[in-house]
J.: 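Just dropping this structure here.
The structure presented is a predicted model; accordingly, all values stated were derived computationally and were not measured.
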Amino acid sequence: MKIGFVGLGNVGGKLAGSLLRNGKDLTVLDLNSEFVDGFVSRGAKAADSPADLMRGCDVVITCLPSPAACNAVVSEMLDEVREGKIWLEMSTTDEAEVKRLGAEVIARGGAAVDCPVSGGCHRADTGNISIFAGCDRATFERVLPILTVLGRRVLHTGELGSASVLKVMTNYLATANLLTCCEALVTMKAAGLDLATTYEAIKISSGTSFVHETESQVILNGSRDISFTMDLVKKDIGLFQDIAERTGVPLEISPLMIEIFKDGIARFGERAQSDDIIRRLEEATGLDITAPGFPAEMVDDEPEEPGYEVVPARG
C-alpha cells in the first residue's frame, strides 16, 4: 500500500517517521523543503502537489496546523480521489469541517477518517501515541493496520467527526491541567516549598496527571519546550468552546482559559511554547520556577510496541 503524508511539522514529522521506520512505502509533502529532503534522504519519495500525492497513493494522511490549511490541501486533492482511495485527517480540527471535506471525498468514491492523536510529540516519535478514529466500521477495519503502526492504542469513536470532537475535549482538559499545574508550582514556591519535592508530591498523589508528569518537568527545567505553541492551544480550546456554545452548555472555566492564552500570546507571541504560559505568574510574583535535575525535552523511554484497538466497556 502506498501512503502519502502531508505536513511534516512537530507532530506530523514524527508520525510520518513511524511509517518510514516500519518499512512503509511513503511519499511526503510539506511547504518546508528541508523537512521533505530529510525524509527523502531516509528513503521516502517527494510529491510535487497534493493532487500528485493523491494520484499516486492509496492512502493520503494530512496533519496540518489549522482547518484552513487542511481545506486548502484537500481541495487540491479532490479531483484525484477515486474508488478505493482513503483520506486520513490526523490534525486537530473542527468537526463540521472534517465532515464537509470527508463528504466530498466519499462522494467521489473514496473513504474518509478523522484520526487525531493524543499523548505528546515524544510518544508520536516512538509510535506509542494514542489515536482516535471516526468513520464507519468497515473503513476503520481497512485503516486499522496503518493506525497500529502510527500509534499504540487506537479507539474507534463512531462516525466521521466524532474523533475530532473527542480530541478537542482532551486538549481542553490538558490545557486546564497545564494551567492548574502552573498555579500549583508558583504557589508552592511562594510558600517556601522545594520545587523538586513539590513535583514528587504531586506525582505520587491524587493531584497527578499526564500533563504534570510530562510538562511540569520541562517547566521546571526552564526550557518550556513541549513542541506545542500558544496559538495552537488557543485554537484547540476555542474549538471546544464552540462545541459547548453549539450544544448550549454554559461553561465557566473555558472562557477564562481562552482569555489567559490570549494574554499569553499578547505578551510572548503566538509561537511561544505553550508552557511559557507560566511566565505570566513568574512575572507577577518575581519568582523563578525552575529546579535542577529536570529534562529540557520529553523523550519516550518505552519501547515501540505493536498497536492495538481499544474496545470500550459496554456493561
Side-chain angles (χ1 to χ4, degrees), residues 1-30 35-36 38-39 42-45 47 53-54 57-65 70 73-74 77 85-93 98 102 105 110-158 160 162-164 166-167 170-171 210 227-228 298-311:
M1 179 177 284
K2 296 181 178 180
I3 302 173
F5 204 108
V6 188
L8 304 174
N10 283 333
V11 177
K14 294 174 175 61
L15 293 170
S18 288
L19 294 170
L20 197 59
R21 185 173 62 252
N22 284 279
K24 300 303 179 184
D25 186 331
L26 183 67
T27 305
V28 297
L29 180 67
D30 195 277
F35 292 170
V36 173
F39 270 84
R42 289 185 283 154
K45 296 181 285 291
L53 200 64
M54 181 59 80
C57 295
D58 304 299
V59 176
V60 173
I61 301 170
T62 51
C63 189
L64 298 161
C70 184
V73 168
V74 176
M77 296 191 305
K85 301 276 189 178
I86 304 173
W87 169 50
L88 299 182
E89 167 62 301
M90 301 197 79
S91 319
T92 301
T93 191
V98 77
V105 171
V113 187
D114 63 320
C115 45
V117 299
S118 184
C121 283
H122 62 300
R123 288 190 175 173
D125 199 28
T126 58
N128 287 329
I129 203 160
S130 297
I131 301 177
F132 302 154
C135 57
D136 62 84
R137 183 69 199 185
T139 298
F140 176 76
E141 290 177 359
R142 287 174 65 194
V143 301
L144 185 59
I146 299 171
L147 298 182
T148 52
V149 171
L150 289 160
R152 182 186 295 186
R153 300 172 184 88
V154 183
L155 177 66
H156 183 215
T157 58
L160 182 68
S162 59
S164 293
L166 286 167
K167 167 59 177 175
T170 65
N171 278 20
F210 175 83
S227 297
F228 203 70
M298 295 311 305
V299 176
D300 184 16
D301 57 6
E302 294 184 36
E304 184 173 6
E305 295 183 2
Y308 58 89
E309 180 184 358
V310 174
V311 180

J.: For Leu88 versus Cys115, what's the shortest heavy-atom pair and its separation?
T.: CB-SG, 3.8 Å
J.: Using every non-hydrogen atom in the two residues, find where Gly120 and Ile129 come nearest and quote the distance to one decimal.
T.: O-CD1, 3.5 Å
J.: Is there side-chain contact between Lys85 and Val60, with at least one heavy-atom pair below 4.5 Å?
T.: no
J.: Quick one: list whatever passes side-chain hydrogen bond (donor to acceptor under 3.5 Å, both in side chains) with Thr170, sequence neighbours left out.
T.: none
J.: With rounding to the nearest 0.5 angstrom, report the CD1 to CE distance, Ile131 to Met90.
T.: 4.0 Å
J.: Can you tell me how far apart CG (Asp301) and NE2 (His122) are? Round to the nearest 0.5 Å.
T.: 8.5 Å
J.: One pair to check against side chain to side chain donor-acceptor pair (under 3.5 Å): Glu304 and Thr126. What are the steps and the verdict?
T.: CA-CA 6 Å; Glu304 184 173 6; Thr126 58; over 6 Å; no
J.: Name all residues meeting the side-chain hydrogen bond (donor to acceptor under 3.5 Å, both in side chains) criterion together with Lys45; count only those two or more places apart in sequence or in a different chain, and write none if there are none.
T.: Asp25
J.: Would you check if Asp114 and Thr93 make a side-chain contact, meaning some heavy-atom pair closer than 4.5 Å?
T.: no
J.: Which heavy atom in Ser91 sits nearest to a heavy atom in Leu64, and how many Å separate them?
T.: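 So the minimum-distance heavy-atom pair works out to OG-N, 2.8 Å.
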J.: Can you list, pair by pair, the side-chain donor-acceptor contacts under 3.5 Å of residues 6-18, counting residues two or more places apart and other chains?
T.:
unit_1: Asn10; atom_1: ND2; unit_2: Ser227; atom_2: O; d: 3.4
unit_1: Lys14; atom_1: NZ; unit_2: Asn10; atom_2: O; d: 3.1
unit_1: Ser18; atom_1: OG; unit_2: Arg21; atom_2: NH2; d: 3.0

J.: For Ala47 versus Leu29, what's the shortest heavy-atom pair and its separation?
T.: O-CD1, 3.4 Å
J.: Show, in sequence, the C-alpha distance, side-chain angles and deciding distance for Thr62 and Glu89, and conclude whether the side-chain contact (heavy atoms from CB on, under 4.5 Å) test is met.
T.: CA-CA 5 Å; Thr62 51; Glu89 167 62 301; 2.9 Å; yes
J.: Drop me the distance from Met298's CE to Asp125's CG, to the nearest 0.5 angstrom.
T.: 12.5 Å
J.: Run the side-chain hydrogen bond (donor to acceptor under 3.5 Å, both in side chains) test against Thr92 and tell me which residues pass, sequence neighbours left out.
T.: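 Thr92 satisfies side-chain hydrogen bond (donor to acceptor under 3.5 Å, both in side chains) with no other residue.
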J.: I'd like to check Val98 versus Trp87 (side-chain heavy atoms, cut-off strictly below 4.5 Å). Are they in contact?
T.: yes
J.: Is Arg137 close enough and on-axis enough to Phe140, meaning under 6.0 Å and within 45°, for cation-pi?
T.: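 Geometry flag: not set, cation outside 6.0 Å or 45°.
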J.: Using the ring pair (Phe, Tyr, Trp, His ring centres under 6.0 Å) criterion, which residues pair with Phe35? Sequence neighbours excluded.
T.: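 Not a single residue meets the ring pair (Phe, Tyr, Trp, His ring centres under 6.0 Å) criterion with Phe35.
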J.: Without swapping roles, check the side chain of His156 against the backbone of Cys135 for a donor-acceptor pair under 3.5 Å.
T.: yes
J.: Kindly give the heavy-atom pair with the smallest separation between Gly134 and Ser162, and that separation in Å.
T.: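 Closest pair (atom of Gly134, atom of Ser162, distance): CA-OG, 3.8 Å.
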J.: Could you note down all residue pairs passing side chain to side chain donor-acceptor pair (under 3.5 Å) where residues 144-153 supplies at least one of them, sequence neighbours left out?
T.: Asn128-Arg152, Arg152-Glu302, Arg153-Tyr308
J.: Rounded to the nearest 0.5 Å, how far does CZ of Phe5 lie from CG of Leu150?
T.: 7.0 Å
J.: Where do Lys167 and Ser118 come nearest, in terms of heavy atoms and distance?
T.: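 Lys167 and Ser118 have their closest heavy atoms at NZ-CA, 4.0 Å.
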J.: For residues Ile86 and Asp58, determine if any side-chain heavy atom of one lies less than 4.5 Å from a side-chain heavy atom of the other.
T.: no
J.: Contact between Thr27 and Lys2 at the side-chain level, heavy atoms closer than 4.5 Å - yes or no?
T.: no
J.: I'd like to know whether Ile61 forms a side-chain contact (heavy atoms from CB on, under 4.5 Å) with Ile3, so could you lay out the CA-CA distance, the side-chain angles of the two residues, the decisive distance to 0.1 Å, and finally the verdict.
T.: CA-CA 8 Å; Ile61 301 170; Ile3 302 173; 3.8 Å; yes
J.: Are Phe228 and Asn171 packed together at the side-chain level, in the sense that at least one heavy-atom pair is separated by less than 4.5 angstrom?
T.: yes
